[in-house]
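Atoms within a ligand are numbered from 1 in the order they appear, just like the ligands themselves. None of the values given here were measured: they were computed from a predicted structure. Below, each value reflects all heavy atoms present in this structure, side chains not excepted, and no hydrogens, waters or symmetry copies.
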Amino acid sequence: MQDPFSNAMTQLDKVAKIKNFDDEIISRLRQPDRDIKVSIPVQMDDGALRIFDGYRVEYSNALGPYKGGIRYHSSTDISEVKALAFWMALKCAVVAIPMGGGKGGITVDPKLLSKGELERLSRGWVDKLSDILGPHKDVPAPDVNTTPEIMAWMADEFEKITGDKTAAVITGKPVDKGGSLGRDTATAQGGFYVFQALKDKLGLGDKCNVVIQGFGNAGANAASIWQAAGHKIIAVSDSKSGVTNTNGLDVEKLILHKQKTGSVLGFNQDNSGCKEISNEELLEMDCDLLIPAAFENIITEANVDKIKAKVILELANGPITSAADATLFKKNIVVIPDVLANSGGVAVSYFEWDQNLKNEHWTKQEVFEKLQPMMANSAENVFKKAQESNTDLRMGAFILAIESISQHYKNI
Ligand code: NAD
C-alpha cells in the first residue's frame, strides 16, 4: 500500500508534468517548511507514566499562518501528517483563504484513554509545541477523533504557558469559548455546495442515490444534508459495519441509533428493508454519488475495478490512491477531490479565526452565506482549470492552488 505522503508526491509529480511548473516551485512543495516529532509524557490514571508520539508539520505559510487539524489515531505517523499538511496547503489556496498548510497528530487510540488521560495528553501536545503556535504563526483545529472540548483544553493550556488570552490560536472550539457557529457541519455543508455547483456539469440530477463511507462528523452530517435536499441515502458505514436500504435510510433515526449504540451496526429501521453490508460491498454499490468520509487509501488498485459510482466526492482526505485515481479517470468516473470537496471545514475555521481577531460573533446564517459563494466559486474555478488543461478535477485543483502559491514564492 502506498503511504499517504508518497501518494501526495505522486500527485505533485503528475501536476508538474501537466502544467510544466517551474522546477523551483515544485522542489519547494516537495517538502514541508518543518516537521516536528515530540514525545509527550502522560501520567496515566493507574499512576504509570506513558510516552506518546506527537507531531506537527508546518508545510507552507506562503499564503498565511499554518492552518490544519490534529488527528488522534493509532495508525497516525509522520508520513500521514505530512501528507495531510501538504493537502491543507493546497486546500487553503483552492478556497482562496489567507492561510497556509499544517497538520498535527498523536499516535493514540483515544477510546482507550479516560477523559482525564485524554486531557493531560492534549495539554501535553501544546506544552511541547507552544513555541511554534500562535494566531499569526500556526493555528491548529480538530480532525479525526479530536473534538471542540479538546480544542478548548489546548487553547487554555496555550494561555497558561504564554499568558496570551487570544482565542484565535486554535479553531473548532466550543461556541461558548469562541468557536464559530456552523463549524460542526461546515465540512459536509461545504461539500454539498461544491456538489450543487458541479452536479449539472457532471450529469447528476436532483434525486441522486448516495452511498457514504464513514459516519462521523463529515459523513453523518453529509447524510443529513443530502437527504434534506431530496437525495436518497442508500447505504452508510462506520468502522464496525455498514447498513443499506435501497428505499432510502432514515438518517435522523440512524444518527440516534449510532448515538445510543456507538455504531450503525444493528440499525433495522423497523424491518423496512435494511440490510447489513460490509465496507467492501458498500464501496462497490451501484450509485450516483459515493462519498468516502473516513480515511486514506480506501479505493486502491485492489478494488477500483469494482467501483460502480458515477461520481465520487472525497470528504475524507486522500481516500483514493494515485493508481486508482488514474483507473477511475479512464472509467469516466469523476472524482471531486478532497482539496476542493472538504475545504468547507478549513473555510469556516478561517471564519472562526477572523471573528476571534475582530471580536465578532456571526450568526449561522451569516457563516453559510459567506461559505456558499466561496465553495461555489472554487468549484467553478477548479472545473475551468481542469477543462483548460484537459485533465481531471484533482489536477484542476492542484493547478489552481500551485499557481496561487507560486505567485508568493516568485515575490521572495
Ligand atoms: P470522525 O472521527 O468524526 O469520523 C470518522 C468515521 O469513519 C467514523 O464513523 C468511523 O467509525 C469511520 N471509520 C473509521 N474507519 C473506517 C473504515 N475502515 N470503514 C468505514 N468507516 C470507518 O472523523 P471526521 O472528522 O468525520 O473525518 C473523516 C474524514 O474527513 C477524515 O479523512 C478527515 O481528515 C476528513 N475531514 C474532516 C473534516 C472535519 O471538519 N471533520 C474536515 C476536512 C476533512
Counting only heavy atoms closer than 4.0 Å, does ligand 1 sit against the backbone of Asn279, its side chain, both, or neither? side chain

Can you tell me the protein heavy atom closest to atom 31 (C) of ligand 1 and the distance? Ala294 O, 3.3 Å

Among all protein heavy atoms in this structure, tell me which lies nearest to atom 8 (C) of ligand 1, with the distance rounded to 0.1 Å. Gly216 N, 3.9 Å

Indicate the atoms forming the closest heavy-atom contact of Leu181 with Val348, along with that distance. O-CG1, 4.3 Å

Check: Asp238/Ser263 side-chain N/O donor and acceptor closer than 3.5 Å: yes

Taking the side chain from Thr76 and the backbone from Gly105, do they hold a donor-acceptor pair closer than 3.5 Å? no

Is it true that Ser278 and Glu281 share a donor-acceptor pair across their side chains at a distance under 3.5 Å? yes

Are any of the N/O atoms in Phe215 less than 3.5 Å from those in ligand 1? yes

Minimum heavy-atom distance between Ile170 and Pro140, given as atom pair plus value: CG1-O, 3.3 Å

Side chain, backbone, both or neither: the part of Lys240 lying under 4.0 Å from ligand 1 by heavy atom: neither

Heavy-atom nearest neighbour of atom 41 (N) of ligand 1 within options Asp338, Ile291, Asn217, Asp238: Asn217

Indicate whether any N or O donor in one side chain lies under 3.5 Å from an N or O acceptor in the other, for Tyr72 and Ser122. yes

Please compare Val236, Ile212, Val144 and report which has the shortest non-hydrogen distance to atom 23 (O) of ligand 1. Val144

Which residue and atom name correspond to the protein heavy atom nearest atom 33 (C) of ligand 1, and how close is it? Asp143 OD1, 3.5 Å

Electrostatic pair Asp138:Lys67 at N-O distance under 4.0 angstrom: no

So the atoms of ligand 1 within less than 4.0 Å of a heavy atom of Arg71 turn out to be 31 (C), 32 (O), 33 (C), 34 (O)

Test log, rule ring pair (Phe, Tyr, Trp, His ring centres under 6.0 Å), inputs Trp226 and Phe195: CA-CA 10 Å; Trp226 259 265; Phe195 166 81; 5.4 Å; yes

For Phe295, counting its heavy atoms only, list the atoms of ligand 1 lying under 4.0 Å from any of them. 14 (C), 15 (N)

Ligand 1 atoms nearer than 4.0 angstrom to some heavy atom of Asn145 are 2 (O)

So which bit of Thr187 gets within less than 4.0 Å of ligand 1, heavy atoms only: side chain, backbone, both or neither? side chain

Atom 11 (O) of ligand 1: the protein heavy-atom neighbour that sits closest, reported with distance to 0.1 Å: Ser239 N, 3.0 Å

Indicate, with yes or no, if the rings of His257 and Phe215 have centres closer together than 6.0 Å. no

Counting only heavy atoms, which portion of Arg183 has something under 4.0 Å from ligand 1: side chain, backbone, both, or neither? side chain

Modelled atom types, side-chain donor and acceptor of Ser79 and Asp3, under 3.5 Å: yes

May I ask you to identify, for Ala293, whether its side chain, its backbone, both or neither come under 4.0 Å of ligand 1 on a heavy-atom basis? backbone

Without hydrogens or angle criteria, can the side chains of Gln365 and Glu369 be said to hold a donor-acceptor pair below 3.5 Å? yes

Leu315, portion touching ligand 1 at heavy-atom distance under 4.0 Å: backbone

Below the 3.5 angstrom mark, is there an N/O of Leu84, backbone or side chain, next to an N/O of ligand 1? no

Hey, is Lys103 touching ligand 1 through its side chain, its backbone, both or neither, going by heavy atoms under 4.0 Å? neither

Glu296 to ligand 1, any heavy atom closer than 4.0 Å: no

Those atoms of ligand 1 less than 4.0 Å from some heavy atom in Lys258: 9 (O)

Under 3.5 Å, side chain of Lys308 to main-chain N/O of Glu284, donor-acceptor pair present? yes

Charged tip of Lys201 within 45° of Phe383 ring normal and under 6.0 Å: yes

Which segment of Gln213 sits under 4.0 Å of ligand 1 when only heavy atoms are counted: side chain

